[in-house]
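A short write-up of the structure that comes next.
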Amino acid sequence: MKFTIIATSDIHGHTERFSQLAQMISARQPALLIDNGDFLHGSHLSYYYDYIIQEQHPQIELANTLGYDVAVFGNHEFNYSPEKIQSIRNATNFPWIAANIPGFAEPYFIKEINGLRVAVIGVVTHFTKNWDECGSTKHLHFENAFESAKNTVKHVREVEQVQMVILSYHGGFERDLHNGHLIDLEQGENEGYRMLQEIEGIDLFITGHQHLEMATVQNGVAIVQPGANAHCFAQIDVTVDNGTFSFEPSIVQVDSTLTMQSFPDFDAWKKQQIGTAGEALTYTDFFTPRMKMTTYTQLLHDMQLHYTGAQISVIELPYHAKGGFPEKITREDVLHNLPRSTRLLVIRMTGAEIRRAIEQSAAVFALNDLGEIDFSMNVYYPEPQPYIYDLWGGIDYIIDLCQQTGQRVTKLAFEGNPIQDNEIFEVAVNSYRATGAHNMQMFKKPPIRKTDQFIPDLMMEYIEQNSPLTVHIKNDFQMK
């Protein structure tokens, strides 16, 4: 007997490309279709439907038509309010599962395929609760993903009389599958390697969260991670011969020649010009805005200080090789540079906490063998990831990468005066950083003020009200 399983993961609401994948998936007629989480949140289109016109995301109808059997909750599902999460569950024609969120979702789903009982167990990284910006997980208990997966696999094997077990884990790998070398810090965010090594009874292991493209078989277990942003999906061809399973997993890339679903109203909205700049506030390489103050980063700080009244501003940049604002600025430019639907908070921080936060950011970089500035993870591994890096406005500071980690801030001043450890400042920071995630606990404080609008909305409003933009660099930041 032969049949096909298809898995998607981390689509993040990229419905235009997903509409192409949907055509490809439909033509293959899989016996089982699974989504591994982070299905809707994270694209410009999602921002438009969720927060601008506040209508049901069109990807839901497409998924219903395609006929998904089951979906696993990902961490980004909890970027939505509890009410929004429930409305998504009500609108989809398939169940959402998560074995490690008891009382919130069913732990597994069972489907019979040609007389074969197949169980799909869902678990999501329990770090989800650490990243909650809007209280969606406040009343939920997230069990350890590894322990929950282990117990649930054992249960379905012993109680449900299933012949095949699929573990669909919205999490990734902490070690390289082939040599066991660390590829991430073993803190619990990603536990896929441990699951494979220590949980017996898994036939197919679907992973995600890390946005990798992976398809292999180890010790008889098929292992896939289906990429991200609707660029591909995982196809697992299954053969059953006298009760023995064999698997042929593969990654199938999107066919860009297929007709793409269009959204004319959204396209018109994002292309609308909202302002101008006296000169282009752009950058053309990844490292420049991270190594010195630019007019682009100064504009972001100006906006945050304007709306919060804080003394100091903290920003993080998306991972784009080029960006910033051209002379004619559209809504799409704003969403490209500020892709997260986060809010601004004002917290109080001491000078010592500010120094510690900058030192932790500075650890992201290192000098490679050529003496060039590079990510430390490329030089020494595992090291802090690039997303644990912030830029500060309202202060003057210098990062010297020739110094030891933790001693790289050689200048730190506010209004021309050295910042003292016991001084207290009002700092504007986004709501994601304020969760204290990624060991940035110095930001995890009750806000003294916060904005109602999302940061992209504030940026659009600021550009509209201050065009033509003239930006002057106010503070000195250097990395050397």
Side-chain angles (χ1 to χ4, degrees), residues 7-14 17 21 34-43 71-79 98 100 122-131 142 144-146 149 166-197 199 202 204-218 221-234 236 249-254 316 318-320 339-340 364 375-378 381-389 432 437-439:
T8 56
S9 191
D10 299 274
I11 298 295
H12 288 294
H14 288 276
R17 267 195 309 275
L21 285 187
I34 304 165
D35 185 77
N36 189 54
D38 286 5
F39 188 61
L40 292 176
H41 194 276
S43 69
V72 177
F73 280 100
N75 57 291
H76 280 287
E77 265 68 60
F78 297 95
N79 284 114
N100 63 323
V123 287
V124 55
T125 173
H126 51 267
F127 267 46
T128 298
K129 207 169 178 71
N130 299 341
W131 306 317
F142 281 70
N144 177 276
F146 170 82
I166 301 170
L167 178 57
S168 190
Y169 169 46
H170 191 85
F173 296 100
E174 72 281 26
R175 290 180 178 269
D176 186 282
L177 286 183
H178 302 290
N179 55 34
H181 292 168
L182 277 173
I183 60 173
D184 196 5
L185 300 178
E186 291 185 300
Q187 299 174 327
E189 177 181 351
N190 297 300
E191 301 179 290
Y193 185 84
R194 185 184 177 202
M195 289 178 181
L196 275 175
Q197 296 298 312
I199 299 177
I202 302 171
L204 167 60
F205 189 33
I206 302 168
T207 60
H209 188 56
Q210 291 171 315
H211 295 193
L212 302 176
E213 297 179 13
M214 180 187 302
T216 188
V217 178
Q218 283 194 3
V221 179
I223 305 159
V224 296
Q225 191 165 145
N229 301 324
H231 285 292
C232 56
F233 59 83
I236 306 94
S250 60
I251 296 297
V252 182
Q253 300 294 329
V254 66
E316 51 181 324
Y319 313 121
H320 297 151
R340 279 195 175 139
V364 165
F375 286 120
S376 56
M377 59 181 286
N378 294 334
Y381 210 84
E383 288 292 325
Q385 303 287 334
Y387 48 76
I388 311 174
Y389 182 72
Y432 172 73
H438 310 299
N439 293 322

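These numbers come from a predicted model, not from an experiment.
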Q225: which residues meet the side chain to side chain donor-acceptor pair (under 3.5 Å) condition with it, sequence neighbours left out? T207
Residues in ring pair (Phe, Tyr, Trp, His ring centres under 6.0 Å) with F146, at least two apart? none
Residues in side chain to side chain donor-acceptor pair (under 3.5 Å) contact with E189, at least two apart in sequence or another chain: H209
Which heavy-atom pair separates A234 from P226 by the least distance, and what is that distance? N-CB, 3.7 Å
Separation between CG (L21) and SG (C232), nearest 0.5 Å, reads 7.5 Å
In chain order, what residues pass the side-chain contact (heavy atoms from CB on, under 4.5 Å) check against A149, with sequence neighbours excluded? V123, L167, M195, I199
The criterion is ring pair (Phe, Tyr, Trp, His ring centres under 6.0 Å); which residues satisfy it with F142, sequence neighbours excluded? F78
Taking all non-hydrogen atoms of both residues into account, name the closest pair between F73 and A98 and its distance. CD1-CB, 4.2 Å
Sub-4.5 Å side-chain heavy-atom contact between H126 and E191: yes
Would you please name every residue forming a side chain to side chain donor-acceptor pair (under 3.5 Å) with H211, sequence neighbours left out? D10, H12
Under the salt bridge (charged side-chain N to carboxylate O under 4.0 Å, His left out) test, residues paired with R340 that sit two or more places apart: E316
Residues two or more places apart in sequence or in another chain: which of them pass side chain to side chain donor-acceptor pair (under 3.5 Å) with T128? none
Quick one: sort the F205 and Y169 rings into parallel, tilted or perpendicular, breaks at 30° and 60°. parallel
T216 versus P249: any side-chain heavy-atom pair under 4.5 Å? no
Do any N or O atoms from the side chain of R17 and from the backbone of N229 form a donor-acceptor pair under 3.5 angstrom? yes
How would you list, by chain and number, every residue that makes a ring pair (Phe, Tyr, Trp, His ring centres under 6.0 Å) with H14, sequence neighbours excluded? none
Are the side chains of I166 and I206 in contact, using a 4.5 Å heavy-atom criterion? yes
For H178, give me all partners under side-chain contact (heavy atoms from CB on, under 4.5 Å), at least two apart in sequence or on another chain. D176, Q218
Tell me if a side-chain donor or acceptor on T8 pairs with a main-chain N or O of F233 at a distance below 3.5 Å. no
List in chain and number order the residues that pass side-chain contact (heavy atoms from CB on, under 4.5 Å) with E174, two or more places apart in sequence or in another chain; answer none if no residue qualifies. E186, Y193, R194
If you define the side chain from C-beta out and look only at heavy atoms, does anything of V224 sit under 4.5 Å from M214? no
Do you know the tightest heavy-atom contact between V254 and A230? CB-O, 4.0 Å
I need the minimum non-hydrogen distance between N36 and S9, along with the two atoms involved. ND2-OG, 3.2 Å
Under the rule for ring pair (Phe, Tyr, Trp, His ring centres under 6.0 Å), what residues qualify as partners of F39, not counting sequence neighbours? F18, Y68
Are any of the side-chain heavy atoms of V124 and N100 separated by less than 4.5 Å? yes
Please examine the side chains of S168 and I34, heavy atoms only from C-beta on, and report whether any two atoms are closer than 4.5 Å. yes
